Amino acid sequence: MSEVLLTETFRSASGAVRWGTIGEAGQEPVVLCHGTPFSSYVWRGIAQALADTDRYQVFAWDMPGYGESDMHTGQDVSLAAQGRVFAELLAHWGTDEPFVVAHDFGGAVSLRAHLLHGARYRALALVDPVALAPWGTPSFRLLGRHAEVFEQLPPALHRALVREYIGSTGGPGLHPTVLDRLVQPWLGEHGQPAFYRQIAQANQAHTDEIQGRYGEIGLPTLVCWGEDDGWIPLAKGRQLAGLIPGARFEPIAGAGHLVQEDAPAELTAVLLDFLQEQQPY
């Protein structure tokens with residue numbers, strides 16, 4: 001399964017953003033937003049499946065501080081910064097009301113860009129998003145409170161911690177090769193501090209700021225949720241769908257938080273059905 005090659009660079013206030021696209025230029029744009037502590041890699045299968053329909057041009061990107069994008073000391077990788085960057089990136093691409101598919105923190109990023117920065121979408125699909133308080137697992141909160149301590153772990157212990165953390169998403173479990181690929185960006189001189197930096201800057205105030213405005217969302221919205229999500233319970237998905245007017249809720253059986261890895265065929269089918277509903281022909 002090939003990845004979307006992030007061959008392009010956008011210079012943002014939070015650092016260089018790497019992005020790429022597959023599918024025929026000029027087709028309906030679909031933008032994929034990843035979450036934490038992941039990267040656009042998790043969308044590789046979905047991206048290819050959407051592009052293979054010959055209906056969509058698919059855009060993928062790594063948020064500043066993640067994956068192949070810039071990581072540096074003092075970097076602002078908060079949800080507030082990511083929402084601004086996403087709105088600026090959409091303007092840079094010149095996409096006209098794209099379809100947006102967003103996972104985990106990417107959900108909060110896409111919601112902030114839409115509600116606070118005027119980003120316009122044709123439709124929005126949210127996959128196990130971070131959107132409702134309270135959020136953050138006990139481990140996530142512990143790492144955030146003591147980031148400066150964990151940042152000093154010996155590399156081998158840090159690798160083991162990140163591996164166990166990512167492996168706790170629920171569902172059937174990740175293939176070892178996939179798990180290795182998700183861990184790799186967080187290793188080394190730049191990756192290790194970047195891992196704890198993004199957790200330390202995760203502030204619930206940035207979703208509290210928009211949670212009361214979900215009733216203002218006036219575009220077609222799909223909320224998908226892995227029934228076995230080990231990080232955010234299924235009930236949060238039902239609650240979120242109830243707050244967005246007309247939102248459709250789709251639980252995905254047998255999937256954990258990383259639905260893209262646990263049930264790619266099922267998620268692809270749900271997304272294609274939703275996207276095609278917005279394009280009657």
Side-chain angles (χ1 to χ4, degrees), residues 3-4 6 14 17-19 30-47 59-69 71 77-83 85-86 89 100-114 124-137 139-141 143-144 162 165-171 174 178-179 181-186 194-204 206-207 210 222-226 228-234 236-237 240 252 255-264 267 271:
E3 301 176 44
V4 180
L6 306 185
S14 288
V17 172
R18 300 289 291 170
W19 65 274
V30 178
V31 179
L32 304 176
C33 301
H34 69 84
T36 182
F38 312 115
S39 68
S40 58
Y41 173 80
V42 299
W43 287 118
R44 65 199 182 283
I46 307 296
F59 293 78
W61 63 298
D62 284 350
M63 292 189 293
Y66 293 77
E68 296 181 27
S69 290
M71 300 177 177
V77 294
S78 66
L79 287 173
Q82 304 291 4
V85 168
F86 185 44
L89 184 59
V100 172
V101 183
H103 175 245
D104 184 80
F105 261 33
V109 169
S110 65
L111 288 165
R112 286 185 64 89
H114 177 62
L124 176 62
L126 298 167
V127 183
D128 296 63
V130 172
L132 297 176
W135 51 261
T137 65
S139 296
F140 185 90
R141 292 192 290 270
L143 293 172
V162 176
Y165 179 78
I166 293 177
S168 68
T169 54
L174 298 170
V178 172
L179 183 54
R181 181 63 177 76
L182 293 175
V183 169
Q184 190 278 328
W186 301 118
F195 178 77
Y196 300 107
R197 182 183 306 121
Q198 51 91 21
I199 296 177
Q201 293 185 28
N203 190 334
Q204 187 178 294
H206 293 138
T207 54
I210 56 172
L222 169 71
V223 179
C224 295
W225 219 275
D228 299 328
D229 190 326
W231 287 2
I232 313 177
L234 181 67
K236 287 286 188 183
L240 177 62
I252 308 292
H257 188 69
L258 271 174
V259 186
Q260 307 96 316
E261 300 293 343
D262 297 339
L267 180 58
L271 290 174

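Quick caveat: nothing in here was measured; it's all calculated off a predicted structure.
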message: Let's go through L89 and F59 carefully: what are the C-alpha distance in whole Å and the side-chain angles of both, what is the deciding distance for side chain to side chain contact (heavy atoms under 4.5 Å, CB included) to 0.1 Å, and is it a yes or a no?
response: CA-CA 11 Å; L89 184 59; F59 293 78; over 6 Å; no
message: Determine whether V109 and M63 satisfy the following criterion, side chain to side chain contact (heavy atoms under 4.5 Å, CB included), listing intermediate values before the conclusion.
response: CA-CA 10 Å; V109 169; M63 292 189 293; 3.9 Å; yes
message: Donor-acceptor pair, distance only, cut-off 3.5 Å: does the side chain of R112 make one with the backbone of I210?
response: no
field: pair Q260-R44: side-chain heavy atoms closer than 4.5 Å
entry: no
query: Side chains of Y66 and W186: closer than 4.5 Å at any heavy-atom pair?
result: yes
task: Of all the heavy-atom pairs spanning L111 and A131, show the shortest one and how long it is.
output: CD1-CB, 4.1 Å
query: Do E261 side-chain atoms and L174 backbone N/O form a donor-acceptor pair below 3.5 Å?
result: no
query: Parallel, tilted or perpendicular for F38 and H257, by the 30°/60° rule?
result: tilted
message: Test your reading of the model: is there a side-chain donor-acceptor pair from D62 to the backbone of R18, 3.5 Å cut-off?
response: no
- prompt: Which distance, rounded to the nearest 0.5 Å, do you find between the CG of D104 and the SG of C33?
  reply: 11.5 Å
message: So R181 and E3, do their side chains get closer than 4.5 Å, heavy atoms only?
response: yes
- prompt: Do you know which two heavy atoms are closest between D128 and I232, and how far apart they sit?
  reply: O-CD1, 4.0 Å
Pairing residues for S168 by the side-chain contact (heavy atoms from CB on, under 4.5 Å) criterion, not counting sequence neighbours: W231
query: Do the side chains of F195 and P185 get nearer than 4.5 Å, heavy atoms only?
result: no
field: Main-chain N/O of S40 paired with W61 side-chain donor or acceptor, under 3.5 Å
entry: no
message: What I'd like to find out is whether the side chain of S69 reaches to under 4.5 Å of the side chain of L6, using heavy atoms alone.
response: no
task: With side chain to side chain contact (heavy atoms under 4.5 Å, CB included) as the test, would you mind laying out the steps for L132 and T207 before giving the verdict?
output: CA-CA 7 Å; L132 297 176; T207 54; over 6 Å; no
- request: Search all heavy atoms of L234 against all heavy atoms of G226 and return the closest pair with its distance.
  value: CD1-O, 4.4 Å
Heavy-atom closest pair, residues I252 and A263: CG2-CB, 3.7 Å
query: Between L271 and L222, is any pair of side-chain heavy atoms under 4.5 Å apart?
result: yes
message: Please find the pair of heavy atoms, one from D262 and one from G170, that lie closest to each other, and give the distance.
response: OD2-O, 3.7 Å
message: Run the side chain to side chain contact (heavy atoms under 4.5 Å, CB included) test on Q82 and V77 for me, step by step, so that the C-alpha distance in whole Å, both residues' side-chain angles and the decisive distance to 0.1 Å come before the verdict.
response: CA-CA 6 Å; Q82 304 291 4; V77 294; 3.8 Å; yes
message: Between L267 and C224, is there a side-chain heavy-atom distance shorter than 4.5 Å?
response: yes
- prompt: Hey, does L32 have a side-chain heavy atom less than 4.5 Å from the side chain of H103?
  reply: no
message: I'd like to know whether the aromatic ring centres of W135 and F105 sit less than 6.0 Å apart in this structure.
response: yes
- prompt: Which pair of non-hydrogen atoms, one from Q204 and one from A133, has the smallest distance, and what is that distance?
  reply: NE2-CB, 3.1 Å
